[in-house]
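Read through the structure below, which is laid out as structure tokens, and then see the notes.
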Amino acid sequence: ILFKSHGTVSASSSVPPLPPAMACVLAAAPPEISCAGSKGPAEPLVCSHCGAALASRNALFRHLTEKCDPLAAKAKVEKERVVLAIGYLGSRYHGCVLNEKDEAGHQTVEGAVMAAVRKAWGGDIVLSVARCTRTERAAHAAENLLVLTVRPTLRCDDALRKALEGAEVWLLAPSGPAPSIFDKVYSPKKRAYTYYIPYSALLTAEERLLWSVGGVPAGLTETEQPAAAGLWVAPVPGDCAPEEIVQLFSEHGGVQISAEDVFMTPGRGQAEVRLSPSSAAASYEALNGLIWRGEKLFVLPLQEANAKFAVQRRLRQGVKALRGPPKGLRSFHNFISDIKQGDPAAMRQLQHCSAGSAFSDFCPDRGYGHRWVESDWSTVSFSAADFGPQQLRRMVGALVAVVRGTEGLEYLTRCFDAAGPPVDTVAAPAESVCLEGVEFGYSAGDWRETLHLDGAAAAAMRRRIAARAVEDGRRPWRDFVHALDAGATRAKLVHRLAAAAESGALEGVLEALEEGAPVDAA
């Protein structure tokens with residue numbers, strides 16, 4: 001802004017330049033006002049058109065616009081809001097949010113989208129961007145939303161899709177004007193996540209030992225420990241009789257069994273069939289995926305099924321402890337980065353938690369007798385209005401520590417103790433987490449329908465993510481499990497034990513061991 005003072009003109013860099021028409025009429029004589037913005041005694045500003053004295057710059061601008069120089073008003077920039085529904089693989093990206101300082105060195109999802117938009121729709125089109133949900137480095141998203149403020153222009157989705165090729169970001173719906181439900185796109189009512197966890201990280205030490213030599217997993221009841229090989233079959237209708245299972249195996253599996261070989265528990269919708277190993281292998285190949293009585297059959301080797309059910313029971317117990325009471329807030333201070341005990345920002349509530357089932361397991365190799373301990377992955381799901389930094393990853397890390405047997409179930413109780421001592425938690429790998437979707441509440445309606453989301457594209461996105469989460473997550477999960485086994489959830493005790501051992505303080509060593517420090521940690 002130009003100031004005229006005793007015949008001299010100076011410029012202030014602290015405010016944006018005025019249009020020439022307004023700059024030429026701004027005249028005043030306050031010698032104490034400098035271009036650095038320091039102020040002396042306040043003096044009126046004078047309009048050079050009519051000589052009116054005004055008390056402030058804002059008053060002068062309003063006076064010029066309304067009376068002396070209407071053309072001096074700043075022209076409004078034409079713009080419109082466009083919403084993009086996207087899915088992406090986060091492997092190569094340093095998070096979702098644009099890195100304004102070093103986008104070239106640390107690529108982000110928003111940076112890739114902005115580059116594609118400029119290439120497809122015009123170089124200087126994007127004015128600003130608002131995202132629905134931040135995702136951190138290496139995390140994936142099956143559904144996320146970006147609202148772009150852009151200059152009006154012709155938009156071609158085909159050109160945008162072509163510009164996104166190779167970026168591992170996909171457009172899930174046609175671009176279009178942002179409806180009012182996206183006015184606060186950054187504040188959805190619910191964010192839902194899925195976490196992929198390898199079974200190798202969930203088995204207890206005893207289970208890992210037994211399965212490594214082909215034995216029956218521990219922790220099962222006597223009725224769950226089969227004396228012979230067999231198959232687990234589901235879904236089985238509630239009115240199904242054992243004789244129908246016998247007929248199923250005879251007609252489609254080519255195996256003759258008796259009703260005494262079929263074990264069914266009323267109301268569970270499944271059957272266990274005892275078979276020899278060779279008959280089980282043949283029947284598995286014939287029956288798995290078969291459409292029977294209007295449903296697609298899901299078949300597992302009996303020992304594998306029982307081992308997975310034991311793991312999933314522990315998962316459900318842990319998930320229930322994380323979920324907590326249906327109403328009221330709890331302190332998540334032990335799960336959120338840079339949050340101290342007693343901080344109000346730690347008080348939160350989970351909307352939903354659930355563990356997957358054998359039906360939802362990710363199994364790259366589904367053949368009979370495959371090494372499922374190394375190849376199969378289970379899932380857990382969480383949703384909340386918002387999650388703090390690393391909250392979800394540390395919750396899953398604590399859950400795995402309990403299911404694996406590194407910690408007892410009371411460990412999760414201590415994590416939520418707002419008055420207790422701090423608890424060490426370890427963040428699970430980000431490479432295996434997926435932002436599953438977002439919701440804006442019942443009053444907003446179904447935003448997917450509003451945007452005409454492509455269901456086939458969304459399903460394909462989820463398949464890509466499942467495969468990538470497993471592929472990228474194998475090594476990070478091995479490192480995570482190694483950290484758990486090395487005492488990462490008891491880091492403070494490990495430090496005390498090491499210090500006591502180094503100083504020769506026997507009493508300190510015994511005290512640390514009694515409180516749970518790993519025996520070989522020092």
Side-chain angles (χ1 to χ4, degrees), residues 89-91 93-97 106 108 133-141 191-202 315 318-319 321-323 330-341 343 345-346 348 350 353 355 377-384 386-407 411-417 421-436 465 468-495 518 521:
L89 301 176
S91 307
Y93 295 112
H94 291 253
C96 168
V97 181
H106 297 83
T108 64
T133 301
R134 293 170 176 259
T135 55
E136 61 181 290
R137 178 178 180 176
H140 316 288
R191 294 177 169 94
Y193 290 85
T194 297
Y195 230 110
Y196 294 83
I197 309 173
Y199 271 99
S200 59
L202 297 171
L315 269 174
V319 163
L322 286 173
R323 172 65 179 87
R330 289 194 299 169
S331 177
F332 286 81
H333 62 281
N334 282 309
F335 298 112
I336 303 177
S337 299
D338 301 324
I339 288 286
K340 295 182 179 180
Q341 197 168 6
D343 192 325
R348 297 167 181 262
L350 299 178
C353 304
W377 292 57
S378 187
T379 59
V380 291
S381 301
F382 298 89
S383 64
D386 193 19
F387 290 88
Q390 292 200 341
Q391 177 187 345
L392 178 62
R393 292 179 59 196
R394 291 181 180 275
M395 286 167 49
V396 172
L399 175 65
V400 172
V402 170
V403 174
R404 184 179 175 81
T406 305
E407 297 288 351
Y411 170 71
L412 296 179
T413 303
R414 289 190 285 113
C415 287
F416 289 102
D417 187 352
V423 178
D424 294 309
T425 56
V426 188
E431 289 82 355
S432 295
V433 65
C434 166
L435 172 63
E436 195 68 27
I465 288 173
R468 182 63 64 83
V470 168
E471 177 185 350
D472 287 358
R474 293 188 189 279
R475 182 168 181 176
W477 272 109
R478 285 196 296 268
D479 294 341
F480 172 83
V481 166
H482 178 75
L484 285 185
D485 293 344
T489 54
R490 305 182 185 188
K492 295 179 179 64
L493 287 175
V494 169
H495 178 74

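Start at 1 with the first residue, then count along the sequence. Not measured: the values here are computed from a predicted model.
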Seminar exercise, completed: Scanning both residues in full, the closest heavy-atom pair of V319 with C353 reads CG1-CB, 3.2 Å
Exercise. Is the cationic atom of R330 (NZ for Lys, CZ for Arg) positioned less than 6.0 Å from the six-membered ring centroid of F416 and within 45 degrees of its normal?
Worked result: yes
Exercise. Where is the tightest heavy-atom contact between L412 and A398, given as atom of each residue plus distance?
Worked result: CD2-CB, 3.7 Å
Exercise. Would a 4.5 Å heavy-atom cut-off, applied to side chains only, mark R348 and D386 as touching?
Worked result: yes
Exercise. For S91 and R468, what are the C-alpha separation, side-chain angles and deciding distance, and is it a side chain to side chain contact (heavy atoms under 4.5 Å, CB included)?
Worked result: CA-CA 8 Å; S91 307; R468 182 63 64 83; 2.9 Å; yes
Exercise. Quick one: CD on E431 to CZ on F480, what's the gap to the nearest 0.5 Å?
Worked result: 12.5 Å
For this session: Begin from the C-alpha positions of T425 and Y411 and carry the test side chain to side chain contact (heavy atoms under 4.5 Å, CB included) through to its verdict.
Result: CA-CA 10 Å; T425 56; Y411 170 71; 3.6 Å; yes
Exercise. Do you know which two heavy atoms are closest between A139 and V433, and how far apart they sit?
Worked result: CB-CG1, 3.6 Å
Problem set entry | Shortest non-hydrogen contact between T133 and C96, atoms and distance | O-SG, 4.0 Å
Exercise. Between L89 and I465, does a side chain to side chain contact (heavy atoms under 4.5 Å, CB included) hold up when you go through it step by step?
Worked result: CA-CA 6 Å; L89 301 176; I465 288 173; 3.7 Å; yes
Problem set entry | Spacing of CG belonging to D417 relative to NE2 belonging to H333, to within rounding of 0.5 Å | 7.0 Å
Problem set entry | Interatomic distance, C434 atom SG to Y193 atom OH [nearest 0.5 angstrom] | 9.5 Å
Problem set entry | side chain to side chain contact (heavy atoms under 4.5 Å, CB included) partners of S383, counting only residues at least two apart | K190, A192, Q351, H352
For this session: Check whether any side-chain N or O of Y195 sits under 3.5 Å from a backbone N or O of A428 as a donor-acceptor pair, and report yes or no.
Result: yes
Problem set entry | Polar side-chain atom of R323 near backbone of L350 as donor-acceptor pair, under 3.5 Å | yes
Problem set entry | S378 vs L315 side-chain heavy atoms within contact, under 4.5 Å | yes
Problem set entry | Nearest non-hydrogen partners of H94 and T108, listed with the distance | O-CG2, 3.8 Å
For this session: Report yes if the distance between the aromatic ring centroids of F387 and F382 is under 6.0 Å, otherwise no.
Result: no
Exercise. Looking at CD of Q391 and CG of N334, how far apart are the two atoms once the value is rounded to the nearest 0.5 Å?
Worked result: 11.5 Å
For this session: Report yes or no: does R404 contribute a side-chain atom to a donor-acceptor pair with the main-chain N or O of S200 at less than 3.5 Å?
Result: yes
For this session: Ignoring hydrogens and angles, tell me if any N or O in the side chain of T194 forms a donor-acceptor pair with the backbone of E436 under 3.5 Å.
Result: no
For this session: Look at atom CZ of R134 and say whether more than 12 heavy atoms of other residues, nucleotides or ligands are closer to it than 6.0 Å.
Result: no
For this session: Evaluate the criterion side chain to side chain contact (heavy atoms under 4.5 Å, CB included) for residue pair F332 and M395; output intermediate values, then yes/no.
Result: CA-CA 9 Å; F332 286 81; M395 286 167 49; 4.0 Å; yes
Problem set entry | Residue D479 excluded, over 12 heavy atoms near CG under 6.0 Å | yes
Exercise. If you look at every heavy atom in T489 and E407, which pair is closest and at what distance?
Worked result: OG1-OE2, 2.6 Å
